[in-house]
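Notes for the one structure printed next.
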Amino acid sequence: MTQHLYVHVPFCVRRCSYCDFSIAVRKHVPAREYLDAVLQEARRGSNVPGELETIYFGGGTPSLLPAPAVGRLVQELTHLFRVPHSAFPVEITLEANPEDVTESNARAWSGAGVNRVSLGAQSFDDRVLAWMHRSHAAARIGDAVRTLRTAGIDNISLDLIFGLPGELQRDWARDLDLALALRPTHLSLYGLTVEPRTPLDRWISRGATHAPDEARYADEYLYAHRRLSADGFAFYEVSNASRNGFISRHNSAYWSGRPYTGLGPAAHSFDGRTRRWNLPAWEAYRRALADGRSAVESAETLTGEQRELEGLYLGLRTAEGLPLRRLPASCGNRWVREGWVTVTEDRLRCTPDGWLRLDSLVQELTRLGTPQLP
Ligand code: SF4
């Protein structure tokens, strides 16, 4: 069995207008306290079986950590968890804000073993970036990609957000063209959602902006499928597309239901049956570990039925799809007629239209219950 390690770095310099993640807004990252806490947690949980296949530094903004702190984390974690002696290197991803990709940071990350960077680009339009409260300017995205390549990190993913309010007049086709011109290996496309108590939610409540428009959301999502396919990308998950050989091995582990270990505030872990999650607030997490207590806030053990439904949901999310026998025939046939899924070699896979209504397909399955497996 392989191990997948997620390390949550909760710090951000400000809160983006749409973000409801568990973050700690800090001008200066308390790197020493963070390292002490995460490494203490890792030592408590490092006796998990299997060899390490991936490490993913997500956030928050992991690139705000001083580069030597990233190096120390990689070194200690690969020491604590077993690393395979195979030619297939551990995939080590760092989420980065384009602002933080300086020559010295990129060289240090590469030297520490980081071999994949996920850049929070979001848009190439400065007006849109300002509306999102992002801290980078559009021109920094291309600079960051070039700097990473010079430092030897070629496996670069770009995050983009679509489905923005119409009054912003965001040019989605232009943003996709500019992203593709940078020749990333991977793209993650997220539709804007309005989460309670975010600045965006407040703007909408007082009429300063409009909720994202469903038709625009659908048009932009379907356009991205056409545009990216024409450029040699394949969607392997509802929000993720890659060039051949560049899927995210870490995120694919989540989507195929494999076990993973999470470190840091709000991080989740899963052993195949039980999911547990850490205290979400940085201070509460830090204090728990400093006092020698567990940082786990709570846990749930999935019933057989919950595991089955979760397996169906994860299967529908990915291009792997599901074996046809796992679905009630009544919905499988109708979904094919509607053009939401295709069936080849006894597997059912969502089309882009199906992925657009993934939640309602899953709700339908939940209502119907699932067929008994042989
Ligand atoms: S950088 Fe990411 S985690 Fe931080 S506030 Fe923005 S969206 Fe949230």
Side-chain angles (χ1 to χ4, degrees), residues 6-31 34 38 56-66 69-70 93-102 105 109 114 116-138 140-141 143-145 148 156-165 168 170 175 179 186-204 209 212 239-240 248 250-251 254 262-268 277-285:
Y6 174 78
V7 185
H8 188 73
V9 186
F11 310 108
C12 291
V13 285
R14 66 172 91 156
R15 187 174 282 279
C16 297
S17 56
Y18 49 86
C19 178
D20 73 337
F21 294 168
S22 175
I23 59 163
V25 176
R26 295 282 188 282
K27 278 217 161 49
H28 302 289
V29 171
Y34 176 77
V38 165
Y56 192 105
F57 293 99
T61 313
S63 56
L64 283 180
L65 276 180
V70 174
T93 303
L94 182 94
E95 286 182 355
N97 184 336
E99 287 275 282
D100 301 327
V101 186
T102 60
N105 275 348
W109 296 335
V114 171
R116 185 171 183 276
V117 167
S118 174
L119 273 181
Q122 315 311 354
S123 172
F124 290 78
D125 180 334
D126 282 329
R127 263 178 339 107
V128 171
L129 290 170
W131 180 87
M132 290 177 178
H133 291 176
R134 300 293 303 192
S135 56
H136 65 279
R140 290 290 295 133
I141 304 167
D143 293 345
V145 169
L148 288 168
I156 300 168
S157 178
L158 300 178
D159 282 3
L160 295 174
I161 297 186
F162 67 95
L164 302 179
L168 274 175
R170 189 270 193 93
D175 270 356
H186 188 281
L187 285 160
S188 297
L189 309 180
Y190 299 109
L192 183 71
T193 53
V194 183
E195 304 298 342
R197 293 181 295 280
T198 55
L200 176 59
D201 184 36
R202 288 193 289 276
W203 297 343
I204 291 171
T209 190
S239 304
N240 287 277
S248 160
H250 184 86
N251 289 336
Y254 298 151
L263 302 173
H268 284 54
W277 53 94
N278 283 346
L279 294 160
W282 155 243
E283 273 303 327
Y285 167 87

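Residue numbers start at 1 and run along the sequence shown. Order of listing sets the numbers, starting from 1, for every ligand and every atom in it.
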| task | With sequence neighbours left out, write down each residue that passes ring-ring contact (aromatic ring centres under 6.0 Å, His included) with Trp131, or none if nothing qualifies. | result | Trp203

| query | Any non-hydrogen atom of Arg134 lying under 4.0 Å from ligand 1? | reply | yes

| task | May I ask you to list the protein N, O or S atoms found at less than 2.8 Å from atom 4 (Fe) of ligand 1? | result | Cys12 SG

Under 3.5 Å, is there a donor-acceptor pair linking the side chains of [X] and [Y]?
| X | Y | value |
| --- | --- | --- |
| Gln122 | Tyr190 | no |
| Ser188 | Asn240 | yes |
| Ser123 | Asp175 | yes |
| Glu95 | Thr93 | no |

| query | Does the ring center of Phe11 lie less than 6.0 Å from the ring center of Tyr34? | reply | yes

